[in-house]
Undergrad: 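Just dropping this structure here.
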Amino acid sequence: MKTVVILLLAGLALAGCNSRQPGAAERGPVISGTVNYRARMALPPDAVLTLRLLDVTRPDAPAIVIADKSIANPGNPPIAFELPYLPGDIRTGRRIVIDARIEVAGRPRFYAENPHPVSPESVHRPHEVWVELTK
């Protein structure tokens with residue numbers, strides 16, 4: 001009986017390893033940088049920054065989410081970020097962008113009007129992502 005329970009727990013643990021994004025324990029490649037905005041205003045403590053690494057190669061299809069991350073109470077700009085991704089997700093011939101938005105009290109406050117492009121050549125340098133105040 002004890003062996004069956006151990007095998008079941010091991011199976012459940014392995015099932016969770018099928019995630020597309022690397023976990024904190026796995027140190028894979030990351031895209032790093034900052035999110036900035038020009039408006040002269042501080043973010044309240046209930047602000048949430050959401051970043052998504054998207055493959056938008058096919059304009060006639062929905063974007064493919066490569067990685068995403070939310071940061072609660074991100075502070076004020078420049079807001080540092082790291083987005084882990086899997087090797088091979090960013091390659092030549094693909095159109096990859098970083099999309100960013102900031103919500104306050106569950107409502108959009110800032111968004112990336114033009115998502116920030118990422119290429120295999122630029123992936124290892126810091127990225128500066130700009131967001132605009134919603135209208």
Undergrad: Search all heavy atoms of Asn73 against all heavy atoms of Pro45 and return the closest pair with its distance.
TA: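 Shortest heavy-atom contact: CB-O, 3.4 Å.
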
Undergrad: Among the clusters formed by ILVMFWY side chains lying less than 4.5 Å apart, do Tyr111 and Leu133 turn up in the same one?
TA: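 No, because Tyr111 and Leu133 fall into different hydrophobic clusters, even though each may have its own neighbours under 4.5 Å.
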
Undergrad: Would Ile66 and Val123 show up in the same hydrophobic cluster when neighbours are defined by side-chain heavy atoms closer than 4.5 Å?
TA: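 Same cluster.
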
Undergrad: What's the verdict on side chain to side chain contact (heavy atoms under 4.5 Å, CB included) for Arg109 and Arg107, showing C-alpha distance, side-chain angles and the deciding distance?
TA: CA-CA 6 Å; Arg109 177 67 57 95; Arg107 297 186 149 186; over 6 Å; no

Undergrad: Taking the side chain as every heavy atom from C-beta outward, state whether Asn36 and Glu128 have any atom pair closer than 4.5 Å.
TA: yes

Undergrad: Please round to the nearest 0.5 Å and tell me the distance separating atom CD1 of Ile90 and atom NE2 of His124.
TA: 8.5 Å

Undergrad: Please test Val118 against Ile98 for side chain to side chain contact (heavy atoms under 4.5 Å, CB included), starting from the C-alpha separation and ending with a verdict.
TA: CA-CA 7 Å; Val118 176; Ile98 299 171; 3.6 Å; yes

Undergrad: Closest approach of Asn76 and Met41, non-hydrogen atoms and distance?
TA: OD1-O, 4.3 Å

Undergrad: Using side chain to side chain contact (heavy atoms under 4.5 Å, CB included) as the criterion, point out the one residue from Val56, Val129, Asp55 that pairs with Val97.
TA: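 Running side chain to side chain contact (heavy atoms under 4.5 Å, CB included) over Val56, Val129, Asp55 with Val97 returns exactly one hit, Val56.
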
Undergrad: Could you check whether atom CZ of Arg95 has more than 12 heavy atoms from other residues, nucleotides or ligands sitting under 6.0 Å from it?
TA: no

Undergrad: Supply the atom-to-atom distance Thr134 OG1 to Ile102 CD1, rounded to the nearest 0.5 angstrom.
TA: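 One finds 10.5 Å between OG1 of Thr134 and CD1 of Ile102.
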
Undergrad: Go through the structure and list residues passing ring-ring contact (aromatic ring centres under 6.0 Å, His included) with Tyr37, not counting sequence neighbours.
TA: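 Checked Tyr37 against ring-ring contact (aromatic ring centres under 6.0 Å, His included); matches are Phe110.
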
Undergrad: Return the minimal non-hydrogen interatomic distance between Thr57 and Arg94, and the atom names on each side.
TA: OG1-CA, 3.4 Å

Undergrad: Any side-chain heavy atom of Pro74 sitting closer than 4.5 Å to one from Leu43?
TA: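 Side-chain contact under 4.5 Å: yes.
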
Undergrad: Please tell me whether Val48 and Val65 are part of a single hydrophobic cluster in this structure, the criterion being side-chain heavy atoms less than 4.5 Å apart.
TA: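 Shared cluster, no.
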
Undergrad: Considering all heavy atoms of both residues, which atom of Arg52 and which atom of Leu83 are nearest to each other, and what is their separation?
TA: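 So the minimum-distance heavy-atom pair works out to C-CD1, 4.4 Å.
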
Undergrad: Could you walk me through whether Trp130 and Glu113 satisfy the side chain to side chain contact (heavy atoms under 4.5 Å, CB included) test, starting with their C-alpha distance in whole Å, then the side-chain angles of each, then the deciding distance to 0.1 Å, before giving a yes or no?
TA: CA-CA 8 Å; Trp130 287 89; Glu113 188 172 68; over 6 Å; no

Undergrad: I'd like to know whether Asp99 forms a salt bridge (charged side-chain N to carboxylate O under 4.0 Å, His left out) with Arg101, so could you lay out the CA-CA distance, the side-chain angles of the two residues, the decisive distance to 0.1 Å, and finally the verdict.
TA: CA-CA 7 Å; Asp99 181 53; Arg101 60 192 67 236; 3.0 Å; yes

Undergrad: Ignoring hydrogens, what is the shortest heavy-atom contact between Ser32 and Glu82? Give both atom names and the distance.
TA: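 Result for this residue pair: CB-CG, 4.0 Å.
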
Undergrad: Is Pro87 close to Pro29 at the side-chain level, that is, under 4.5 Å between some pair of heavy atoms?
TA: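 A side-chain contact exists here, since the closest heavy-atom pair is under 4.5 Å.
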
Undergrad: Under a 4.5 Å side-chain heavy-atom rule over Ile, Leu, Val, Met, Phe, Trp and Tyr, are Ile71 and Leu53 clustered together?
TA: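 As far as the 4.5 Å side-chain criterion goes, Leu53 and Ile71 are connected within one cluster.
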
Undergrad: Would you say the side-chain atoms of His116 pair up with the backbone N or O of Asn114, donor to acceptor, closer than 3.5 Å?
TA: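 No; judged by distance alone, with no hydrogens or angles, the pair does not exist.
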
Undergrad: Between Ala100 and Leu49, what is the shortest heavy-atom contact and its length?
TA: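 Scanning both residues completely, I find the closest heavy atoms to be CB-CD1, 4.4 Å.
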
